[in-house]
Amino acid sequence: MVLKAKYRHYVEIQSATRTSDSQGGWTTSWANASYEWMRAVPLSQSRALDQGGIKYVLAVEFSANKYSGYAVTTDHRLVWDSKYFTIHSIVPSEKLDEIKILAYA
């Protein structure tokens, strides 16, 4: 049960698919690719006025088992806590048995 205590956030991994919009163009839609248990550590949070509205930015470091069976790339996005996270970078951890995913919403 060590994994359950270490990785306690159930995160959805989505991949982008392009579909025709029937007018000669393309539209991007997101489909579920996998679900993984991860650790989520909020790094920073900010807010700013953006074109008449308030824009919130949340940066999170996700840690996942390197040998989970699904390869996450920066072309994917994560869904956690009802928020959509764009993956900024993926780096190996110091332990080499997990990866760290830096993402922002």
Side-chain angles (χ1 to χ4, degrees):
M1 293 293 126
V2 174
L3 286 177
K4 191 171 186 181
K6 186 175 183 179
Y7 304 115
R8 60 186 200 122
H9 302 285
Y10 202 52
V11 179
E12 181 180 341
I13 302 168
Q14 294 185 336
S15 61
T17 56
R18 289 182 7 161
T19 55
S20 173
D21 64 1
S22 72
Q23 296 180 2
W26 298 93
T27 183
T28 302
S29 60
W30 293 89
N32 297 343
S34 180
Y35 293 92
E36 296 290 336
W37 287 100
M38 296 186 186
R39 180 175 55 243
V41 178
L43 298 176
S44 66
Q45 186 171 313
S46 66
R47 64 180 179 191
L49 286 174
D50 183 29
Q51 297 179 3
I54 297 177
K55 181 178 179 181
Y56 294 94
V57 177
L58 172 64
V60 175
E61 178 184 275
F62 294 94
S63 298
N65 187 354
K66 184 177 182 179
Y67 308 105
S68 65
Y70 190 82
V72 180
T73 67
T74 54
D75 295 330
H76 293 94
R77 77 174 179 184
L78 304 177
V79 182
W80 174 64
D81 197 25
S82 301
K83 294 178 183 71
Y84 297 97
F85 288 86
T86 302
I87 297 175
H88 179 268
S89 59
I90 302 171
V91 294
S93 72
E94 300 81 28
K95 300 176 190 176
L96 299 178
D97 63 342
E98 67 181 13
I99 57 172
K100 292 186 178 182
I101 304 167
L102 303 175
Y104 60 92

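Heads up: numbering here begins at 1 and tracks the sequence.
Remark: Glu12 CD to Asn32 CG distance equals 3.5 Å, nearest 0.5 Å. Considering CZ of Arg39 and CZ of Phe62, their distance stands at 12.0 Å, rounded to 0.5 Å.
Pairing each heavy atom of Thr74 with each of Ser89, the nearest pair is CG2-CA, 4.3 Å. Considering all non-hydrogen atoms of both residues, Val72 and Ile87 come closest at CG1-CD1, 3.6 Å.
Between Leu58 and Gln45, some side-chain heavy-atom pair lies under the 4.5 Å cut-off. Here the side chains of Lys100 and Glu94 are in contact, with some heavy-atom distance below 4.5 Å. Within the 4.5 Å cutoff, the side chain of Leu102 has heavy atoms near those of the Leu43 side chain. In this structure, the side chains of Thr86 and Arg77 stay at 4.5 Å or more apart for every pair of heavy atoms.
Here the side chain of Thr17 pairs a donor or acceptor atom with the backbone of Ser29 at under 3.5 angstrom. Listed for the Asp81 side chain is no donor-acceptor partner under 3.5 Å among the backbone atoms of Lys83.
Relative orientation of the Phe85 and Trp80 rings is tilted, given thresholds of 30° and 60° on the angle between their planes.
No side-chain N or O of Asn65 forms a donor-acceptor pair with one of Glu98 less than 3.5 Å apart. There is no side-chain donor-acceptor pair under 3.5 Å between Thr27 and Thr19.
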Residue pair Leu78, Ile13: steps toward the side chain to side chain contact (heavy atoms under 4.5 Å, CB included) verdict: CA-CA 5 Å; Leu78 304 177; Ile13 302 168; 3.8 Å; yes
Using the rule given for side chain to side chain contact (heavy atoms under 4.5 Å, CB included), can you reason through Met38 versus Ile101, listing the C-alpha separation, both sets of side-chain angles and the distance that settles it, and then say yes or no? CA-CA 10 Å; Met38 296 186 186; Ile101 304 167; 4.1 Å; yes
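Under the 6.0 Å cut-off for aromatic ring centres, Tyr84 and Trp30 do not qualify, their centroids lying 6.0 Å or more apart.
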